[in-house]
Structure formats: structure tokens, C-alpha cells
Amino acid sequence: MGDPKAFLKIHRKEAGYRPIHDRIHDFGEVEQTLNTKDRQTQAARCMDCGVPFCHWACPLGNKPPEWNDALYKGDWELAYRLLNSTNDFPEFTGRVCPALCEKACVLNLMDHEPTTNREDECAITEHAFLENFVRVEDIERNGKTVAVIGAGPAGLATANQLNHRGYTVTVFDNNEAAGGLLRYGIPNFKLNKEIIDRRINVLEQEGITFKYNEKIDVTKLPKGFNAYVIATGTPTARNLEIPGRELKGIYLALELLSQQNRILEGIEFKKEELINAKGKNVLVIGGGDTGSDCIGTAHRQGCKSVTQVEIMPKPPVDDNPATPWPNWPVILKTTSSHEEGCERRWNIDSNKFIGKDGHVTGVEIEEVTWEPNPDGGRPIMKKSGKPEIIPCDMVFLAMGFLRPKQPEFAKNVFVAGDAANGASLVVRAMDSGHKVADNIDKFFA
Amino acid sequence: MINGLYNAEYEHDACGVGMVVNIHGNKSHELVDNALKVLENMRHRGAEGADNKTGDGAGILLQIPHEFILLQGIPVPEKGKYGTGLVFFPKDKQKQTAILSIMIEEIEREGLSLMHLRDVPTSPECLGDAALKNEPAIKQIFITGVTDDKVDTFERILYIIRKKVEKRVDDQDFYICSLSNKNIIYKGMLSSLQLRQYFPDLTNSYFTSGLALVHSRFSTNTFPTWSLAQPFRLLCHNGEINTIRGNRGWMKARETVLNSIALGDTKQITPIVQPGMSDSASLDNVFEFFVMSGLSLPHAMAIMVPESFNDKNPISEDLKAFYEYHSILMEPWDGPAALLFSDGRYAGGMLDRNGLRPARYTITKNDMMVVASEVGVMDFDPTQIAEKGRLQPGKILLIDTQEGKIYYDGEIKQKLASAHPYRQWLSTNRIQLEKLKSGRKISNSIDELVRHEINFGFGKEDVDNTIVPMCVSGQEPTAAMGNDTPLAVISERPQVFFNYFRQQFAQVTNPAIDSIREVLVMSLSEYIGRVGTNILTPDESNCKMVRLPHPILTNTELDILCNIRYKGFNTVKLPIIFECEKGGEGLREALMDLCKKAEKSVDDGFNYIILSDRDIDETHAAIPSLLAVSAVHHYLISVGKRVQTALIVESGEIRETMHAALLLGYGASAFCPYMTFAILDDLVKRGAIQENYNTAETNYIKAVKKGLFKIMAKMGISTIRSYRGAKIFESIGLSENLLKDYFGTSVSTIGGIGLETIARDAVRMHDAAFSKKTHTDFLPNIGLFHYRRDGIDHAWNPETISKLQISTRLGSYKKFKEFTAAVDGKADPIFIRDFFDFKRNPIDINKVESVEDIVKRFVTGAMSFGAISKEAHEAMALAMNKLGARSNTGEGGEDNDRFHATVDGVSLSSKTKQIASGRFGVTTEYLVNAEEIQIKVAQGAKPGEGGQLPGFKVNEIIAKTRHSIPGISLISPPPHHDIYSIEDLAQLIFDLKNVNSKAAISVKLVAESGVGTIAAGVAKAKADLIVISGAEGGTGASPASSMRFAGISPEIGLSETQQTLVRNGLRGQVRLQTDGQLKTGRDIINMALLGAEEFGFGTTALIVLGCVMMRKCNLNTCPMGVATQDPELRKHFIGKAEYLVNYFTFLAQEVREYLAEMGFTKMTDIIGHTELITLKKTEKNSKASMLDFSRLLTKEEGNTSLYHTTNQIHNIDSVKDVEIIKASANAIENQEEVSLDYAIKNTDRAVGTMLSGLIAKKYGEAGLPTDTINIKFKGSAGQSFGAFLVKGVNFRLEGETNDYFGKGLSGGRISVLPSSRSNFNAEDNIIAGNTGLYGATSGELYINGRVGERFGVRNSGAIAVLEGAGDHCCEYMTGGRVVVLGETGRNFAAGMSGGVAYVWDKKHDFDYFCNMDMVEINLVESSSDQKELHELIRQHYLYTGSKLARTMLDDWNLYVGEFIQVVPIEYKRVLQEEQVKKLQQKIADMQRDY
């Protein structure tokens, strides 16, 4: 801990986003960076808690007190080594992680000014790539081979862990490039895809083989491997089966997001396949991060307006007594995409899609209220009985993903990430990858 | 066979001692009678057992009463030609005959005969039950037949006979009290008053003697110990030998080289130290051995209990050389001691180097002399008194009754020092390491550092949190909030072997030392080399040694040591490694091999042996250095070759002071922590620290030195030479076999691991380091201090903290159960109680006592306002008062506004008021507003240590509650300066009971082995409540090593206490409280089963109030506003009393549920019922599976209660104050003036205290109007005269007073002057004892005479004028004025941070006696200062009529120039700042007005 009183003198300073007028015309990353000095000063705010709740809250067990200290002292290399020792890909999490650590930070409890762990993480890693601290390790092989199915965060983390432990790893993916939802879900304005390529390059140099466009049926796994890891994620999005669903102009969120990312990668689509919100009134159903990504993407495509509806009530601002510190606080979250312009409504259930000429023109919705469940379970929804119509030309369904059902596997087959646990955060997927790697170690021990 | 945890080794005693001598040796029965009276007048210094009748022991040493013996019809030859003595025999006749035949055999072997056997008449009807049960048959033997040529050596022959008989007879009931042709000793398990009754001999008017030593014992227990009564053969001892284990061990080791010409073959009299006896008995054994070998009494005394001879001591160089020469041969027997000794001709007395026991003497004009722990034990006509004095620290006083001469220290020592040219012997033979240089360059770096660090178990915290602070600031790091990690033996992680040990520390039975403020008695210098075989013969060859200034060797120094070739020094390095593959067996072989090699090295004449683990490699792991050194040390002792060599350890393991202390404590003379030096080298090279290597190394060594001082000092030991090998540690989790084989003991409290596991751990660490996969980018953080998910388990982790906070805030019992489930259901055990479960036999919960009843058993821990914020402190008081339970002020006092303030009708006043060594805010008013007064003897986080509240934390309100001024540091001394022994504690309890008879007096102890025995002593000292605090607990900051390594688990301490109290029949008289990481109902049940009836919560309470275990209490940066005084941060405090109410209510509810499950309706049904505990299953082959809880869970059977049932009898109904209060009723009620006169005796203790309590209760701090109650006393006042005297009460004492006068003075005025009829010079004589004015907050004290040691300690506001003082005057003073019109002892003003002292520097040498660390000295120049001084002396004259004061006032201008003013630097700065502020305010006001 550099300065035990820094937290009293220095306020949290976020790098912030590029100005809206500037950023909504391109797909470049919206987040800015602090200069080195400010970054180090921010790191000084970490109090090196006796019980670091950040470290506990992080599924990966990242240790912010340790690398923040190194960062504060200017030892960027040590900071990276410490960070990388628990986190395979801090350049991803440094961009897209909701930072459970920051929510659990004691400074968040004290005055809602937690340390800037996520940004610190990102800065440390960018610095590491810049200064060539990222090593290509020469790894001694243990003679065991593993096939990893799926190159999303879980698959990549598993592959990386196993590779470093001496396994010979081949990663299969049904897409044309690695990254999974990092590449085909998260918009470029949050995660530039070169960041993924840069890391894949390191992994390849360290000996991992990647096989793309391989549609593997998990019931018929490729022969010749000592063990298998299923890291195929949650391919099925939750649909909204209400009247009018067949109308044109209603898409699953990922249809939009993955296409947009591919377009930016230079892949061409037929005109009739294109999903473009230009000049349209857009409705996003679902109030989560994916919905938010749809909003940002629609803006960049030049939409006329965006409305987002969510079935659950509006969460409280700042503090939620129901989810006290150090738990993840269920509070109102306003993303960069929201800032860019959006009407947000809560307690909205959708009754039916309304269309004209086979094309969607609006959605009949209805306000609801939620009443506590006497049995203690999920609250009970009560409709208001006053339907109304939101007119729109395009609807994105961002209502989460269905938990996949996995068949009975042989003993040498392990399931990692969302494929095992349902949709969740990148850090959770990576953590799951670590556990699978440990289990494989134990399996062969 | 030991079943429970009680071990006789732990016994302590203390006492009153006295000596009556006719300087010319004129014998009379009157003298015997007087001696017995002296003893009887010190009865309050002895103790009685649970039956209130059995004494702990009393005895008398006299000259053989020749005429009396003849009158008994025993035809003894002339004086000096027969030997006699009392012998204790077993009652069994057959056994008696068998023993007698052995005695006769040995007597006849020396050509003598057993002439007569006398049945000594006794009156057993006066004995208590316990004494009676073990009463021996007492016979007096008479040995005659000495030929004329052997009369001179007759004493010696008798000694040899006695030693031989002792060696041959193995019977516990057999004991020879004495066997001499000069002295005889009568003693037994008696009280002071019983001695005379029990032995009618002593009252026979023909029984005469010219000298007498008497002793009454206060033992911590009441087991049959007839033989341990004192005096012993040559001496009686009031005090305690802290280094006894080491002294005994070294004595045994030395037996092979103690060749005595006088005694002949030493083997016939070994063991010199009779086994199974007390420390005092062992001291006597060795003293006697030296004397019998031909040393004079003072010579032998000076060797065994040398005074301190470092630079701070004003003694001659020759005498220093004398001490140094002897220190090479013998380590000091260290500890508080008032020693009185006599061989029948000479009689003398001596004090330990620090003067930790009182001893006052009076010499009369008719050549009588009385030396005793107290004055007033014998009545003298004031006109007859020639001199009054005291024994001084380290000084001897000797009377030769044959010559009729008194020898004072100077003369005696001068004679000793000039007996041989010690100075020259030393300078030509002894080498000083720091003076040697070599040109060789030694590298400090290590290749592959991280790998080696991992091999030796280093973690990132070891470097960042331990080594870096040490090498940067030269200090040990501070840590906070206790230790909540598992014991080494509970954790399955590989452990550094040092982790299995815990430091022991002094509590109650002897004082810890302040190694910083009293450094003058401390020493780290060491001698290494080969002791010759003839150390009893003075010779220069005995000092061919290397002197080390301290035991830490740098790589360079070690290299020099290895290469001193000249003067015949040579050395050998033995590797301490073993083959990894061979595991435990390999380790065993390696150790055996090592021991054999060491033995051979001794035979080969090597001066020292270096044990080194530098040679580890891929196949060899290091033997834990402590194991290696202890194995070799004990092996060499067993083969009689230990003192012929010195052991030096070169190990990579060493990093902390604890490691250093352990190695020294188990026999090493020096050590080289080469890995630490390599780390320093790396830190410097990496630029991680600013220092260069040399500075870093110097700082590191400085930190270790300070740490060693502290660790020694907390046991009350002042020299490393007596610490070495003294094994002031206990192990937890090592098997008895291991301890027996390698550590010279077989006492293991809970069993544990053996060599197999030690080897496994060493190999695991080795493999972790040397495996190819080991990454070496950085050292991993294993979460020792700060929680890490993948690190060491912590009981307080995010899960438990957040669950506790959320449940208590929401008031949800359901969530609380989630919390307790997380705590109780943790995957791996952390505490001993985690292995326990209990038997079940469910009943209906409605039958169980209520939550309201149970909750009263809960208290919050002592956390001072000052350590924690006002908000947190008050929230706790409110919560506990709401519940009808008790909160604790902590040691920082309490704002007196809170005594009567309420919030919603609930009092803000803490029911428990603590009184600690600093006595902060301890006023009479504070004490009378308590329901419980807690004497904090030790605290869990740092037992045996003092503390310091830095000036920057002392704001207005804290200064107010602590009676100081803002901005100055407040130091808490390590010991209570009025508790140096168990009888002192009894006195303090008596004082407190007087001041507030309604309050329960509790004594807080910290768990360590032996704490049960101490608790028994505390119970006998009449405490109402005993707290056994677990070492794991602790809020706030403390030195990191103390937090982890001092004290043991509460389970062990509690269990030992319960067992010992029950065994002694004392349990029913006291309540027993425990604390230490208690959290859940299950914890409560477990601790209750082990014997506790009340339960303390510190950390848990803070967490409920918002603490998130930042462990930053020492930085004042607590972000939750709990442990900080920063007003900004305090705004973040989110706690509410309500949350605590929720917590304790939930906890009580959970306890109820468990009680119902167990089938009991009340808590008292389960207290102490260890048979209800069942053990949980442990995993096979795990470390935990090797634990053995059978001793811990032993239930002592006795017909006494297992919990508190009856109250103590405090005997305060008949104190003098009862009379005084009656006489002052009108003054107290109506504030009308009253004047009274009383005679006073030394048995009138704490006079004025009860009266003061009464007034404070009625009038608070204000007391009575000035001069309302005026009392004159005549005589010798007992201890604590005028303690806590309040405003409006004036005491005037003509005569003298004992220790602790004016303690806690709270506004009253005391003057002491010699009797008007006396005609000695007042200013030359001691008329007041030690530790006067301790912790006074206001008031005045005038003494027309000198006072003893430690006057004015922690005075924070009183005014005092006296005419001479002993050592350590004004120590830790923070306010008030002290004027000394005369000489002072050493170490004046040590740790003084406030107030002003004026000293009349007649001899112009005051600067030598003043400790200048915190103060500056000036002439009294400013007119305001001169005026102040003049006024003080004028007052002194007014109240005492001092002649000296008159003289000074008459010639003021001359005398004022001879005064020195002593002002603390910090105090001066604060005063100046205040003045500047005032000035600025004035200017500002003026400008505004303008």
C-alpha cells in the first residue's frame, strides 16, 4: 500500500467516455484512458484491506490490493504478472467486466467511490503488451492431449490453463474466429476485436492449435484426445412467443450484434440479410446489458429513436437494501449506450406484436405491478389491465439465454462456462475454465 | 502422571521477608520474639487457602539455641561441634526407619554419629485441613563426633552428608530443613500467625538467637508443600526467578566443570539443584554450593544476582570488570528479588538489579537492625532510631555479627572487585567481535532468490510486512485486530517449524520490564567460546572468550568468527540438512548424526559449533534450525559437554524476532539470518527500498535487537545470557515424544506431531521450491495477515463478516443462523473448539432459562476510547446497558459526563471500568461509578507489553478523559507498577474494594501454560472475577510478532484454570470469564463446558458496528469510523446500539436452543462439565488426528462447585476508615470541618481510601471544600496510605509510610514527616516506600524525607515535593509538578511526556541520572518558573516544616541557581503552541475590536 491516507485525499476518477456526438458515428471503443500519472494515483487509493472484499467478490480471485500497489509504485511488469497470475485475459475483463470487485470495495461502502480496478486492469495489460511484458512461454509438454470445444472465454481460459500445465491443446470453434460472445456478442465500441486477435496470437505461439468453422456435435467428439472440454456456451436465446412474433423486423439481439461485428470485420452480407436500424424507431425488449448493446448499435446505425422496456421494476438508485454490500447491488445502471439517447420503461409486459404488411409496426404492452410472494419465491406479477401500444419499426429481443441441457458424457469429458452453468459473466466463464483445468489435472493425477 | 493441565512447575510464590539482627550478635529470646512479631505484622503478605486457615508457608531461621538444647536434656557437646536441624519424615514408621538407616549410614561414612533424635513438639490443632492432611513427622537430629581438626570444615561435611542423603532418599514427604552447626530453621505449611503456635520451641524463653530471618509465603496454590516454606538453608527470597528453567539447565550442564577443592569430588553432591523444588529453593541450592565451595556470601550473591553494569550505571570500571568476568561463568538468576541471607555469622540483604521488591531497614542506636518488606513491622521509640534506609537495586548490605560491623555496598563491592586483576584478565584474553576486521569481501546475495525463499517458507508478507519495515524504520511492524488463523498444528499447510511455539510472559507473579524506558538494566551481550573445567578457581584463562555485542551476526561477522585462528580459537561448521527421500526416518538419523558430530567437535576442542543449512540442494531439505539447535543443546547437556562449546546457527529460516528469540531460548548463542540478508540485498538492488545495504542491515539488526529486548522483557528478564536456554516458550501441537527427545521437556498440552510430519512439511516446502514448475516471478502472498482466498484460513472472512453485519442490521434471526452456520460449518477447523461437539438429550426449549438471563453473561471487551471512536464506544455502552449486560471502558478512562448521562433512559456509562498500567483517567470518581473494576494484567493481543497512544491521536476529549493535555504521547508501562507480585495484586484488590466495596474486582489474564496456577493465586488474592483472555483475540494495534506468538488458545488457558481452581477448592469463590474469537452459540456452549460462566466479545462487537477488519487501527485511517479519531472518518460510522442488542439476543437464543438440545435448563448445569464434550472425527493421518485432548478435557473431581456459588470474604469491615468515616459523618454530610488524630500501624492499609470512595460517590470529582477533613496520623502507615484520596481531605503523617502511598491521588493532600521526637536528619532518611503517587491525577504530596524507587510514575496532575528519590522517579509522568530537594536515583524522567520536575542538583551530576530520551534539562531561569518553584517549596515548608526547605527559602537566590528544571520536549512544544495560539487569538481579537 503506497499511501495509507491516499483514499482520503484523492477522489475516484474515471477515464469516462468519448463525447456522445463524437462516439455515435463510429464503432471505436467509447471508453477513454487516463494518463499514466493519474492511473497510478488512482491505484494509490487502494487501502490494502485486511479483508479484501474485492478479491473475494471476484470469481477469478483477482488480487487488486497487490497489483494496485505495484501499479502505484510504477512496477508495471510486476503488476501485470500479479494480475495475470489469476486472470488469463485481463485485457478482456478490463473492458467488459461489470467489476464485482469495485462493488465490493470498502470504499464503495464508505462513500461510493471504489477503486478503479477495471480500468487499472486494462491499463496494466495494455502497458504490458506495449512493453513486451507479455511473454511467450516455452512449455514442457506432458504428453496429454485435450480438445476444447468452443473458443469463448471459458474455452480459451481452459485451453490457456491446460496449455501452461503441459497439455497439448486443440481448440475447435464453429465460427470463423475465436472469442465466442466476446467476438460475436459484445459490440466493438466496447471491445475492439484486435484485442482478441492479439491474445489469440500469443496463445497460438505458446502452442495451442485453433480449428475454426468446425461444427462439432458434442455427442460425437473428435477422436484422438485424452480429454475433452465442452465450452459451447448458451447458443439459444430466450424467445418471446407472443402473437405476431412471425412479423418481420423482430430480431433476437444477437442476430443484430453478431452481424454488426462481422460487418466491421469486412464480411459482406446480402442486402436482405442485413439488419439495419437506420431511420427506424427501435424497441428493445429486455433491460440488461445485451439490450443496452442493441441500443448502442442501433444508434450507430442511425436509428430515429430507441425505447427499452423491462418487465421488472426500476431498481433503486445508488443503494438497494435488499442487496447490501458487499453483494452485487441490484441498482439502476446507466450504460454509455443509454447516455446516447433512449427512453427506458420498467414494469412493462409485452402482450402482442402489431404489424402491417407482415412487418412490425408496434407492440402492445401493459404495465404490471409485482407483489411479494407469500411463499418467499419470485414475486407475483399483476397486470394493470390497461394495455397500450408502443409504435416501432424494429424490435430486438434481449431477454437472456436458455440454459443448455448437456447429455451424459464420458468421464474424460468436462463442461465449462455457460455451457455448464447457464449464461453469466466473462469472469465466471473463465473461473469455470480454471476449475475444469484443475479437474483435468486431478483426472490425470 | 499428569492427567489434567495443571503442572507443579508453574507454581509461583511471593511473600513477606524480614530479618532481625543484633549487630553484635548478642543473643536474646526477645530477638526471636521480635522476629516472630515482624512476621505476624506482615500477615497480609501471606495467603491462605480455600479453607481460609491453611497458610502457604512460614518459617524462621535462627542461630542454634545451644542453651535451649541443653535444657531439653540433650547432652550436646560445646557450641559449633555438633550439627543439628529439623527433618520432615513421612508419618509411616517403617518408612522413617528406612530413611533413618540411610541417614545413619551416610553420617557414619563421614566418621560422625547420629547422637540424638528429638521429636519436635508441635501443636497440630492450629493447622488448616490441607496442612494437616500433609503434616510430616518433624524430628530434630543431632550429629556429633567431629574431630577438632575438622571443626572448621564441619559445616561443609554436614552439607555433603545432607546432599548425599537427599540423593538417596526418594520420598516426597522427606525433607531436611537444615543441617548445620550454626543455624537452625523452623518452618512449615503455616500462616504467619501459626508459626509461633505450631512450634512451642520458639516461645520458650530460653530459646535465644542473635539474628533471625523470617518469611511468609503467598503461593499461587495450596497443595501440600511443607518443604517449600522458607527460609531455605541460607536464604529467604521474596520474588521470583524468571529464568529458572535456563538456570537449572545450565547448572546441570555446568556440573562437570564445577570442580571445588573445598568440596572434593562434585559428583557425590550432584545434582546441585534438588529436583522438584521451587525457584527460590534452587537459588538457595546454588548459593549454598558456592558458599560451601569457599566463596563469601556477598561474592556468591554478586555472581548469581549481579547488578546491571552497562554504561548507564555509576559503578567503577573494576567492579564492571568483576561482573563481566563472572558473567562469562554464570548467567544471572534474573527476576524480582529481595534476598535475605545468613550463615549464622553474617547476615545480609540484597535486591535484584531493578529493585522490583521492597526492602526497608531501620537501625537503632542500641545496635538492632530490622530489614523487612515493610516498615513498621516492629515498634521502635523514635528517639532510638539511628538510620532508616532501603536496600537499593543491585546493592548488598551485610552485617558481621562477630565483628559487630555493618558493611555497605560500596565497601563490599570494592573488596570483591579488587580481589583479582579482572580488568587486565579481560583485556588480554577476551576478544570483542565488533573490534575485529577482515579484508575479505563476503557476498550477501543468493542465486535464485525466490526459489530459496519458497524453500524456507517465505511469503510476500514476510518480505513486505516484516522485513521491509524492519530494515527501513528499524522497528518491528505493527499489526491490528488479532490473529484469527489456525494454529500451526491445525493447519494442513506446511509450516515453518517456529510456528509451533508461543512466547511466555510475566503476569501478576512478576513484572514485565519496559525494555525501552528501562534499558539501563537490559543487556544483549553474549560470550561464546569454551568454558574451562575449573571455573570456580579465579583465573584469567576463564575469560578466553569472544564477546558479541548482540547475538545477530552478519555474513561478514560470521566469516570472521569462522576464521579467528589466533589465540587458539577454532570452529567447525555442521550442516543441518537431511535427505528428502528418507523423510522422517532420514530426519531422525540426521539429527542423531548431528548430535554425535557436535559431541565429537567438543572432544576435538572446537570453541564453537556453527549449525548451517546453507547446503540444501535438490535432494536435501533443511532440518528446522530450532529443532537442530535444541537437539544438539540438550544432547550436549546430557553428555555433560554443553558448556565447553557455543552453538551458532546459520539458517535461511530466520526472519522475525520470534525466530531469533526461539533459537536463543533453546540454546544458541548467536545466529546469522543469511536469507534475510539476501532479501535485503535484493530489495536494495531492485530499488524497492531507499536505503543502501549497510543502512538496511543496520536497521534490520536494530529491529531484531529491540524485538529481543521486548520478548525478554515481557518475561521480566533483562539479560540475554540468562534468557539463552531458558526456554521461555511453550509449544502447541508437538508430541510428547518429540519434546522429550529434543526439547528437554515432555509436557505437551494437546499432543501433536512428531518428526514424521516435520519432515513431511520440510520436504513439501523444499519440493515446492525445487520443482521445475515453480514460477519465480514473484513471491506468493499466503494471506497470513490479510485474507486471501487461496491462502491461510481466517475466521473473519468476507463471508462471515458480511453475514454477521447483514443479519444484525436487518434484525433477522434467520440470517443470523446463516452466519453461525458459516462460522461453525467451516470446511477446516481454525480453533481448538472446532474439534468439539457435545452430547445431546433434547428437551422442550420452553424449559430453558430465558434469553434475558443468558444475555447477562455476555460482556464487550475492553476497548479504550482513544483506540476506538466515541461513537463506537458509546454504542457499546448503550447496547450492553439496554441488555443488562456489561460494557468495558478499556484502559483509557471514561469521560465523567458519561457517568450520569442517559440516552432514552439508558445509561451511557460503562459498567466495567478498567484499570490498566497507565491508570489513564483512574480517579476516585471513575472507580466509584463502576459495577465491576477490571485490573488488566495482560491483554490477548500483546500480553506482557505496554503501549503508546501517539500524541497526534490525543485530541481534546481524549485528553480530558485521560487527564492529560492534547498532543502529548501517553505511554502505558508494561507492568502495573503496583503489581510486581501476587501479594501486590492482593493489595491492589484490597485498595479497590475499599474505594468501591460494591464493585466486583476482576483480574484479566491471558492464556498461557501456567495461567491456571496464576488464577488460583489471583483467587486467593480475593478477586471476584477472573478473565482468561485468549491470545487469538485482540482489537486495535499491537506488534505483529506479539499478536501471533504470545500466549495461547483460550481453550487451553480456560481449561487449565478451571482444573486448577477446582483442584484447589477455589472455583466456587470466583466467576470465570473468557474471550478470544467467540462468535456463535456453539462457541459459548463449548467454552461453558470448559468452565467459563461469562463471555467476552471484542472483534465481533466491532464488526457488528461496522468494522470490516481493515486491520489498520494503528494508522488512524479506519474507513468505517470505528478505530479512528479522525472527525471526517468518524462520520462514516454506521453502527447502532440496536445492532448489538440484536446480536446478543440472537446469540442467547442460539445458546438456549443448544441447551435444549443438550437437555439442560440452565447455563450453570453445564459449566465445567467437560464430560459432555465429544470429539469430532478427524481425517486419518492429518496433523489434527495426532492431537490428544484428554488432558484438556480432564474434569477435576472435588467436592467444590464447578461455578461461582459463594462470594469472597474481603475483610474490609474492620479497616481504620470505618472508624474515620464514623468520626467524619458530619463533615461528609454537611461539609463541616473536622480534625482527627489517629495512631497508625503498618497493618492499617489503604487508609483514607474507603472514605474517599464515599465522598466521591456523593460529590463526584469536586469532592469536599478545601480542608474539610483534616487527619493527623502517628506511626508507620501500611501500604497504599492515602490511596485515591479526594479533594477536601488532608492527611498528615508523623512517622513513615510503606509502598504505594498517594496512589491514584484524586485531589487530596498528604504530608509525611518524621516523628517530632526523632533526631535523625530528615533529608537523609527514607520515610516513604516505593511507587508513591502512582497514577495520581490531582492533589498534593509533601514528604520531609526520601522516598523509594519509582516515585510519581504516571502522575498526570498532582504536585509533590520530597527530599530525595530512588530510581525511575517521574517515569511516564504526563502532568503535574515534582520537586526533589535532594539526590535522585538512576533513570529519572524516563518516558516522561508531560509535567515539569525540579531537582536540587547539589552535586552537579544530575544529568548522569536523568534519562534524556524525552526530556530536556535547563536551569530555572524564567521568573515564572522561579516563582512556581519558590511557591512549591514554601508549601512544602508549610505542611512539613522541613528544615531544608527553610534553609532554601532563607537563601533563595543561592539555592535557586542550583535547581535543574526537567521538561519533556513534547510537552514544551505543546505548551508553546498553546501560547502561540493564545497570542494569535489575542491579536485577532484586538484587530477585530479595532
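As a basis for the values below, the full set of heavy atoms in this structure was taken, side chains included, without hydrogen atoms, waters or symmetry mates. Here is how names work: the chains are called A, B, and so on, in the same order as the sequence lines, proteins then strands, and each is numbered from 1.
- If you measure heavy-atom distances from A/Cys54 to chain B, you find no contacts under 4.5 Å at all.
- In this structure, the portion of A/Leu109 lying under 4.5 Å from any heavy atom of chain B is its side chain and not its backbone.
- Annotation: maximal heavy-atom pairing with chain A below 4.5 Å, among B/Pro1119, B/Gly1106, B/Pro798, occurs at B/Pro798.
- Using a 4.5 Å cut-off between heavy atoms, B/Arg809 makes no contact with chain A at all.
- Classification of A/Lys442 and A/Asp438 as a salt-bridged pair fails, no side-chain N sitting under 4.0 Å from a carboxylate O.
- Among B/Ile801, B/Asp1126, B/Asn797, the residue with the largest count of heavy-atom pairs under 4.5 Å with chain A is B/Ile801.
- Taking 4.0 Å as the cut-off between side-chain N and carboxylate O, B/Asp793 and B/Lys826 do not count as a salt-bridged pair.
- Between A/Lys63 and B/Asp790 there is a salt bridge, with a side-chain nitrogen of the basic residue lying less than 4.0 Å from a carboxylate oxygen of the acidic one.
- In summary, the side chains of A/Arg39 and A/Thr116 do present a donor paired with an acceptor at a separation below 3.5 Å, with no hydrogens or angles considered.
- Comparing A/Pro321, A/Gly50, A/Pro324 by heavy-atom pairs within less than 4.5 Å of chain B, the highest count is held by A/Gly50.
- Looking at A/Thr86, neither its backbone nor its side chain comes within 4.5 Å of chain B, counting heavy atoms on both sides.
- With ring centers used as reference points, A/Trp325 lies under 6.0 Å from A/Phe53.
- Between B/Glu453 and B/Lys460, none of the side-chain N atoms (NZ, or NE/NH1/NH2) sits under 4.0 Å from a carboxylate O, so this pair counts as no salt bridge.
- In terms of non-hydrogen atom pairs under 4.5 Å with chain A, the most contact-rich of B/Leu810, B/Ile1134, B/Asn1116, B/Asn781 is B/Asn781.
- Ion pairing of B/Arg1130 with B/Glu1128 is absent here, as no side-chain N (NZ or NE/NH1/NH2) approaches a carboxylate O to less than 4.0 Å.
- In terms of heavy-atom pairs under 4.5 Å with chain A, the best-connected choice from B/Lys1131, B/His1132, B/Met1120 is B/His1132.
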